[in-house]
Amino acid sequence: MCLQILIFEGQLGDVVYVECPEVDSEVEKGNCAGAVESVKAASDMYTPLSGTIIEINEELLKDSSLINKSPFEKGWMFKLRIKSSDELKSLLDQSQYDKFKKEEEAEH
């Protein structure tokens, strides 16, 4: 099973640089797997699941603005072959994420 990792750019602003992990590298859930820099801030990118990087978005490395222009189609960062499907249970669905985001915004 493969999972395409996406980033939501809403809070970062205009993305100007993306660093992705290398293909065939192993990543562990919760660990840093790259970085994103925007006009507002620089942020580490953490992987939500453990596994092996099977593909990175070469187009994104050439044009980091794809995250802003097309975050769910052309702005994906990397694809991951997950190590354990049990980790999928810890992911949020869209409504859970929307609720989490709203609560986070209310705190700040």
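What you see is a predicted model; the values in this text were computed from it and never measured. Throughout, numbering of the chain's residues begins at 1 and tracks the sequence. Below, all heavy atoms of this structure are taken into account, side chains as well, without hydrogens, waters or symmetry copies.
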A.B. asks: Within the structure provided, determine whether S38 and D14 are in side-chain contact (heavy-atom separation under 4.5 Å).
C.D. replies: no
A.B. asks: Taking E87 for the side chain and I82 for the main chain, is one N or O donor matched with an acceptor at less than 3.5 Å?
C.D. replies: no
A.B. asks: Do F78 and M45 have side chains that approach each other closer than 4.5 Å (heavy atoms only, starting at C-beta)?
C.D. replies: yes
A.B. asks: Quick one: pull up CD in E28 and OH in Y46 and give me the separation to the nearest 0.5 Å.
C.D. replies: 15.0 Å
A.B. asks: Side chains of I67 and M77, heavy atoms from C-beta outward: is any pair under 4.5 Å?
C.D. replies: yes
A.B. asks: Should K74 and E59 count as side-chain neighbours, where that means a heavy-atom distance under 4.5 Å?
C.D. replies: no
A.B. asks: How far apart are the C-alpha atoms of S70 and E73, what are their side-chain angles, what is the distance that settles it, and do they pass the side chain to side chain donor-acceptor pair (under 3.5 Å) test?
C.D. replies: CA-CA 5 Å; S70 181; E73 288 85 28; 3.3 Å; yes
A.B. asks: Sort out for me which residue in L60, V15, L61 forms a side chain to side chain contact (heavy atoms under 4.5 Å, CB included) with L66.
C.D. replies: L60
A.B. asks: Among I54, I56, N57, find the residue that satisfies the side chain to side chain contact (heavy atoms under 4.5 Å, CB included) test when tested with K79.
C.D. replies: I54
A.B. asks: Using the side-chain contact (heavy atoms from CB on, under 4.5 Å) rule, take I53 and S25 through it: C-alpha gap first, then chi angles, then the decisive distance, then the call.
C.D. replies: CA-CA 6 Å; I53 303 298; S25 62; 3.5 Å; yes
A.B. asks: Go through the steps for K29 and S90 under the test side chain to side chain donor-acceptor pair (under 3.5 Å), then give the verdict.
C.D. replies: CA-CA 10 Å; K29 178 181 178 180; S90 67; 2.9 Å; yes
A.B. asks: Between E37 and E19, is a side-chain contact (heavy atoms from CB on, under 4.5 Å) present by the stated rule, with each step listed?
C.D. replies: CA-CA 9 Å; E37 292 181 19; E19 178 184 311; over 6 Å; no
A.B. asks: Give the C-alpha distance, both sets of side-chain angles, the deciding distance and a yes or no for side-chain contact (heavy atoms from CB on, under 4.5 Å) between F100 and L92.
C.D. replies: CA-CA 9 Å; F100 169 79; L92 303 177; 4.3 Å; yes
A.B. asks: Without swapping roles, check the side chain of S65 against the backbone of N68 for a donor-acceptor pair under 3.5 Å.
C.D. replies: no
A.B. asks: Working to the nearest 0.5 angstrom, can you tell me the gap between S84 OG and L49 CG?
C.D. replies: 9.0 Å
A.B. asks: Run D63 and K69 through salt bridge (charged side-chain N to carboxylate O under 4.0 Å, His left out) and show every step you take.
C.D. replies: CA-CA 10 Å; D63 181 6; K69 295 175 188 172; 3.8 Å; yes
A.B. asks: If you measure from CZ on R81 to CG on D24, what distance do you get to the nearest 0.5 Å?
C.D. replies: 8.5 Å
A.B. asks: Minimum heavy-atom separation for L91 and P48, please, with both atom names.
C.D. replies: CD2-CB, 3.7 Å
A.B. asks: Do K102 and Y97 have side-chain heavy atoms sitting under 4.5 Å apart?
C.D. replies: no
A.B. asks: State, to 0.1 Å, how close A33 and P21 come at their nearest heavy-atom pair, and which atoms those are.
C.D. replies: O-CD, 2.8 Å
A.B. asks: Other residues, nucleotides and ligands only: do more than 12 of their heavy atoms fall within 6.0 Å of CD on Q96?
C.D. replies: yes
